[in-house]
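Chain identifiers are assigned alphabetically (A, B, ...) following the order of the sequence lines, protein sequences preceding nucleic acid strands; residue numbering begins at 1 within each chain.
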Amino acid sequence: MDNIENRLTKLALKGDQRAFAEIVELYKDKIYHLAYRMLSNRHEAEDIVQETFLRVYRNLDRYDQNQKFSTWIYRIATNLCIDRLRKKKPTYSLDAEMNDQEGMDGYSMIPSDNRTPESEALLSETQQIIYQAIDSLPAKYKSVMILRYLQDLSLQEISDVLGMPVTTIKTRVHRGREFLRKKLEPKM
Amino acid sequence: MECNLAVSLMHDYLDDDLSKEQQMELKAHLLSCPACRMQFKELEQTDMLMFSLSHHAPSAPLELTQRIMSALPQEKKQQPWLGWIRRHPAVTAAAIFLIVMFISSVSFWDQDSQLVVKGNDLDQVVIEGDTVIVPEGKSIAGNLTVENGKTKIYGEVNGNLTVIDGSLYQASTAHISGKVKNIDQALDWLWYKITNAFSDVAYR
């Protein structure tokens, strides 16, 4: 049985650009959603999507057809997000004031990105609270919770994506769920 | 049931990973423990809220596909050729070896334009300039090979006659008992050199 992804990757490998464009169409929203929730930044999410597909393209010849394509692309995207999070965190604090200019802090150095995806315009208060709660999750729980709930992957699939035993994934889902419950509980 | 165990079972239940019997046990505990009942309710709500987010997935900007496609590297076109080389290193090495051999042989072929006469019985042969003559009435025992010269046969050759890069004239009186070979193509010449080299090796 040849599923659509396998057929498209074979065509793309032969140099068919339209086949690759179809792969992009199939997955770009999923990857964008994943990256946007992981990084809470529209520009960075777009970067991640672009970088993910670039890596997929470069490594098409190494893609193992026995593996699910979604697992493979989620692994690439998740790793890119985790790397980005790791780099972001300890280097500097946005709240620290800069020495040279008074009143300048890290926030004012970042090009303002108040535009959110259109669907976010109508966010309810509850949704905003959940998004903030997800954003405050430590990275190792964040990726698991996003893959589980927002991408609707099974525990086994998450274990394949992250290359960790299912028992570890299970523990992380439990702790992540407990963490979110405590965050959301006062608002429920 | 301990509350700790109950919480663990609650999570398993939400993971869709709890047997019927264990579900019954959990239910029994929840009925008797208000604190756990409360926690279960909160966990269930958290779970449902989280799942509801997948319906509010933001879509990537429309022009992103275009941007991705135009950022792809273009060198893919060379790939099949390079890929073939990578997959068949032995064949590639052999091909390069043959090419080098061929080129060097051809350049040698161009180089020697001197008259060379080989044979066992050369006393009978008359050489005038670049012309090798076997006069009438004379007979040569064994093979005769002439490179880069004209060959005129009036007498007898009791063996093979090979003419390389030259012309051959046989008079009506000529008699050659063996084979006559006239070689003037690079490839023929190459083949001759190679078979000669092998027979040389074999007889040495």
Checklist entry - With under 30° as parallel and over 60° as perpendicular, where do the rings of Phe51(B) and Tyr149(A) fit, or are they tilted in between? => result perpendicular
Checklist entry - Given the rule in the side chain to side chain contact (heavy atoms under 4.5 Å, CB included) test, do Glu25(A) and Thr65(B) qualify, once you have shown the distances and angles that lead to the verdict? => result CA-CA 7 Å; Glu25(A) 282 302 325; Thr65(B) 307; 2.7 Å; yes
Checklist entry - Highest number of heavy-atom pairs under 4.5 Å with chain A: which of Ser8(B), Ala60(B), Pro61(B)? => result Ala60(B)
Next on the checklist: Please classify the contact between Ser52(B) and chain A as side chain, backbone, both or neither, with a heavy-atom cut-off of under 4.5 Å.
Outcome noted: neither
Next on the checklist: For the CG atom of Asp15(B) and the CD1 atom of Ile169(A), what is their distance to the nearest 0.5 Å?
Outcome noted: 11.5 Å
Item to check | Ile31(A) versus chain B, the contacting section by heavy-atom distance below 4.5 Å | outcome: neither
Item to check | Shortest non-hydrogen contact between Met50(B) and Leu180(A), atoms and distance | outcome: SD-CD1, 3.6 Å
Checklist entry - Where does Leu53(B) contact chain A at under 4.5 Å (heavy atoms): side chain, backbone, both or neither? => result both
Next on the checklist: Does any backbone or side-chain atom of Gln39(B) lie under 4.5 Å from a heavy atom of chain A? Answer side chain, backbone, both or neither.
Outcome noted: both
Item to check | CE/Met24(B): more than 12 non-hydrogen atoms of other groups inside 6.0 Å | outcome: no
Next on the checklist: Would you compute the distance between atom NE2 of His33(A) and atom OG of Ser59(B) and round it to the nearest 0.5 angstrom?
Outcome noted: 10.0 Å
Checklist outcome for this item: If one checks every heavy atom of Asp47(B) against chain A at 4.5 Å, the contacting part turns out to be both
Checklist entry - How long is the gap from CE on Met10(B) to CD on Glu178(A), to the nearest 0.5 Å? => result 8.5 Å
Item to check | Crowding at CZ, Arg175(A) (>12 non-hydrogen neighbours, <6.0 Å) | outcome: no
Checklist entry - Regarding Ser54(B) and Gln151(A), is there a side-chain donor-to-acceptor distance under 3.5 Å anywhere? => result no
Checklist entry - What part of Ile130(A) gets closer than 4.5 Å to chain B, counting heavy atoms only: side chain, backbone, both or neither? => result side chain
Item to check | Interatomic spacing from CD in Glu185(A) to CD in Gln45(B) - rounded to 0.5 Å | outcome: 10.5 Å
Next on the checklist: Assess whether a salt bridge exists between Arg67(B) and Glu46(A), defined as any Lys/Arg side-chain N lying under 4.0 Å from an Asp/Glu carboxylate O.
Outcome noted: yes
Checklist entry - Can you tell me if CG on Asp16(B) sees more than 12 non-hydrogen neighbours from other groups inside 6.0 Å? => result no
Checklist entry - What option among Gln50(A), Arg177(A), Glu51(A) has the most heavy-atom pairs under 4.5 Å with chain B? => result Arg177(A)
Checklist entry - Side chains of Leu54(A) and Pro73(B): closer than 4.5 Å at any heavy-atom pair? => result yes
Checklist entry - Within a reach of under 6.0 Å around OH of Tyr63(A), are more than 12 heavy atoms found that belong to other residues, nucleotides or ligands? => result yes
Checklist entry - Is it true that atom CD of Glu2(B) has more than 12 heavy atoms of other residues, nucleotides or ligands lying nearer than 6.0 Å? => result no
Next on the checklist: What's the separation between atom NZ in Lys28(A) and atom CD1 in Ile68(B), rounded to the nearest 0.5 Å?
Outcome noted: 7.5 Å
Checklist outcome for this item: So NZ of Lys170(A) and CG of Asp12(B): to nearest 0.5 Å the spacing works out to 4.0 Å
Checklist entry - Does the side chain of Leu72(B) come within less than 4.5 Å of Gln17(A)'s, by heavy atoms? => result yes
Checklist entry - Do other residues, nucleotides or ligands put more than 12 heavy atoms under 6.0 Å from the CG atom of Leu62(B)? => result no
